[in-house]
*Asks:* 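Take a look at this one; I'll ask things after.
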Amino acid sequence: MPLGFFTRNKSSGAASAAAIQGTGYTPADKPSLPGDPLAQALHAGRLGLIVAQPDRWRDQPDYAAVRERTLLAVDDQFALVPEGLVSIPATIFDEPGGPETDVETQPFLLARCAVTNADFQHFVDAGGYEDLSLWPEEIWAHLISLKDQTGLPGPRFWQQGRHDKRLARHPVVGVCYYEALAYAQWAGYRLPDEAEWQMAATWRIRSAATAQRRYPWGDGLDVTCCNIWASGHGGTLPVDACAGGAAPNGVLQLIGNTWEWTSSDFESTDREGRKVVGDTLMKCIRGGAFDTYFPWQATGDFRTAANCLARYHNIGFRCAMDLLSN
Amino acid sequence: MPIAVGNTSVYTPCLICNTGNPPQAVQCKKCYAPMALVHEAVAQGRAPQVVSIVGDANAGKTVYLGFLLDMLSQRANQFEAVPRGAYSVNLQQTVISHMAYRMFPPKTPMEADQWNWAYYQVCKRAKHTKWVDLVMPDMAGEAIAAEIASPTTFQVVQSLLGRSVGLLLLVDAALAGNGSAQPDFFALKAMSYLDSVLGGGRDTKIALPIAIVLTKADYVPECFDDPARFAAANLNRLWNMCDTRFSRVKFFACSVVGSLAYAVGTGDEGVTPVPLHTALRGVLEPFEWIVNQL
């Protein structure tokens, strides 16, 4: 499979969510789906399901052709993160010289963009919230509370099971860790763990010079390369905005716009060695968001967490995939 | 404005408590309010526009005030803020430096002489006509409660409120949303106290703009959806008092901490809350609303 190493150069050309919201909710239209399951999966962006689970589609006569198209789509939407080494702060006080845990990461594919409202709509429309096979058993009792503003299954800030179509290209927010996980599984992907995420953002690849970047674009803060509080947008931007902040492999918005769920449990201590825990299980979130006030909390190696059931306005996610064997 | 006391000395009255102070005094010897307030008022020939903040202990006044001042200093929403005196920056610095290191700032001491006063002149950059004197002591919630329970215990509270053209009342939404009546009772007492300080008649509603800021709202997400509805449901006594006695009240939801964790040891050292990261939401809006009301 060809892997693209390029940076997209699209203009953001879009207003922030803060500017759009407050002018009336505009529910997205219900799409008409093709009848063929394979075509449906392709239409819904379940690329991982198509390319990584060939046995599922063996009896589809046009599978080979669809798979070729899907591989091209994967190449467009995912980027290779090479193997590397990351040093994850071991305490909540990430000071120079402080204790760190070194982790070697294997190469993997990471989505160039965060999952959008339009992407997530496919999952909702396909009955993802009702498909128990996508949810860990320990969350089943909570599924009933994963509702939108009108009591229907969906992200917290949606209405009537529809996203606001003016925010179609914005990252989906108001989803807890388990909703992110369920979506990723439904689409044939997974969530990156925090070491993988940090590798993608700090680009500490194995080479003669194993320097770690503070930001995906380099070491200097540039508020035009990301959407944090100091950037002044006051809300989310479309997932392809801030093209100047792309990582070398073209992955966008690892810094800012929304925090991103990872699959890693949060384990940390304070200076006295006391464990730092939440009310419930905490999962690591990375990257900072549009409302991150301190710029140093929106860097490639800043480590924080949220309760796994939190459905905040500033946490979204992006998907990852293992390298395909062929 | 200087006044003669006796035959030899000329004293400047504090704008908050009216106590005479020597001309070179930086802060009032009685209430510790910044004397720059009166000097500026004289120099600019205009009445000061004092906005104050009150709230119960642990409602989040210090953190809120620190971030508000810092955001204003960083020209958020086209505001421009000038600290009048280096002492004004202390509170902001304390809050920011602690929160940046994932710690809450120390509890405000009960003693008035140890409160951090902040005096900023604030305006919208585009207009430059409507300057607001943001004069706010970071008062201990216990002191406010003591003054409300027994007026004149902390005279400065009464004097400050009497001089204010706008008020921010901070109420702990997390506690209220959790079923505690304490925030509702404190807020009810505060509004009742204000009613008596401002001397509203029985048939006349008080027109002072009051922004009721529901803090720690990240714990109760529905508070952000509709703060007034949240207040009507969870702070019903306060809601009714506002409806009956005050004509310009607006409810706001606010949060500063993006995610809260706890450091727990194996021994008896207790549990320490840890603000893992900041995520400011609704900090500036209440203040902006008050400025627009003036």
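The sequence lines fix the lettering, A, B, ..., with proteins before strands; numbering per chain opens at 1.
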*Asks:* B:Leu260 versus chain A, heavy atoms under 4.5 Å apart: side chain, backbone, both or neither?
*Replies:*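 B:Leu260 touches chain A through backbone heavy atoms alone.
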*Asks:* Between B:Thr272 and A:Arg274, does any side-chain donor sit less than 3.5 Å from a side-chain acceptor?
*Replies:*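 B:Thr272 vs A:Arg274: donor-acceptor pair found between side chains.
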*Asks:* Using non-hydrogen atoms only, which part of A:Phe266 is less than 4.5 Å away from chain B: side chain, backbone, both, or neither?
*Replies:*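 Answer is side chain: those atoms of A:Phe266 sit under 4.5 Å from chain B.
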*Asks:* At a 4.5 Å cut-off on heavy atoms, which part of B:Val274 comes close to chain A: side chain, backbone, both, or neither?
*Replies:*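 Only the side chain of B:Val274 comes within 4.5 Å of chain A.
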*Asks:* What part of A:Ile315 lies closer than 4.5 angstrom to a heavy atom of chain B: side chain, backbone, both or neither?
*Replies:*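 For A:Ile315, neither part sits under 4.5 Å from chain B.
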*Asks:* Assign the ring pair A:Phe123 / A:Trp135 to parallel, tilted or perpendicular, where the plane angle (0 to 90°) is split at 30° and 60°.
*Replies:*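 Ring orientation of A:Phe123 relative to A:Trp135: tilted.
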*Asks:* Tell me whether B:Arg281 forms a cation-pi arrangement with B:Phe224, defined as NZ or CZ under 6.0 Å from the six-membered ring centre and within 45 degrees of its axis.
*Replies:*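 Judged by the rule, B:Arg281 and B:Phe224 form a cation-pi pair.
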*Asks:* Start with the C-alpha gap between B:Tyr120 and B:Glu80, add the side-chain angles, then the distance that decides, and say whether side chain to side chain donor-acceptor pair (under 3.5 Å) holds.
*Replies:* CA-CA 10 Å; B:Tyr120 279 72; B:Glu80 187 167 300; over 6 Å; no
*Asks:* Quick check on the 6.0 Å ring-centre criterion: do A:Tyr183 and A:Phe317 meet it?
*Replies:*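 Ring centres of A:Phe317 and A:Tyr183 closer than 6.0 Å.
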*Asks:* For A:Arg156, is it the side chain, the backbone, both or neither that has a heavy atom under 4.5 Å from a heavy atom of chain B?
*Replies:*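 Contact with chain B is through the side chain of A:Arg156 alone.
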*Asks:* Please tell me whether B:Asp70 and B:Gln92 have a donor and an acceptor in their side chains that are separated by less than 3.5 angstrom.
*Replies:*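 Looking only at side-chain atoms, B:Gln92 and B:Asp70 do form a donor-acceptor pair, the distance falling under 3.5 Å.
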*Asks:* Any idea which of A:His313, A:Met282, A:Gln149 has the most non-hydrogen atom pairs under 4.5 angstrom with chain B?
*Replies:*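 Option with the top pair count is A:His313.
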*Asks:* Heavy atoms only, distances under 4.5 angstrom: which of A:Ala289, A:Ala305, A:Gly278 has the most pairs with chain B? Name it, please.
*Replies:*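 Between A:Ala289, A:Ala305, A:Gly278, the count favours A:Ala305.
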*Asks:* A:Asn314, A:Asp270, A:Thr292, A:Asp279: which one forms the most heavy-atom pairs within less than 4.5 Å of chain B?
*Replies:*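 Max contact count across the listed options: A:Asp279.
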*Asks:* Quick check on the interface: out of B:Gly265, B:Gly258, B:Ala279, who has the most heavy-atom pairs with chain A under 4.5 Å?
*Replies:*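 If we count pairs closer than 4.5 Å to chain A, B:Ala279 comes out on top.
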*Asks:* Looking at every heavy atom in both A:Cys242 and A:Leu252, which two are closest together, and how far apart are they?
*Replies:*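 That closest heavy-atom pairing would be O-CD2, 4.0 Å.
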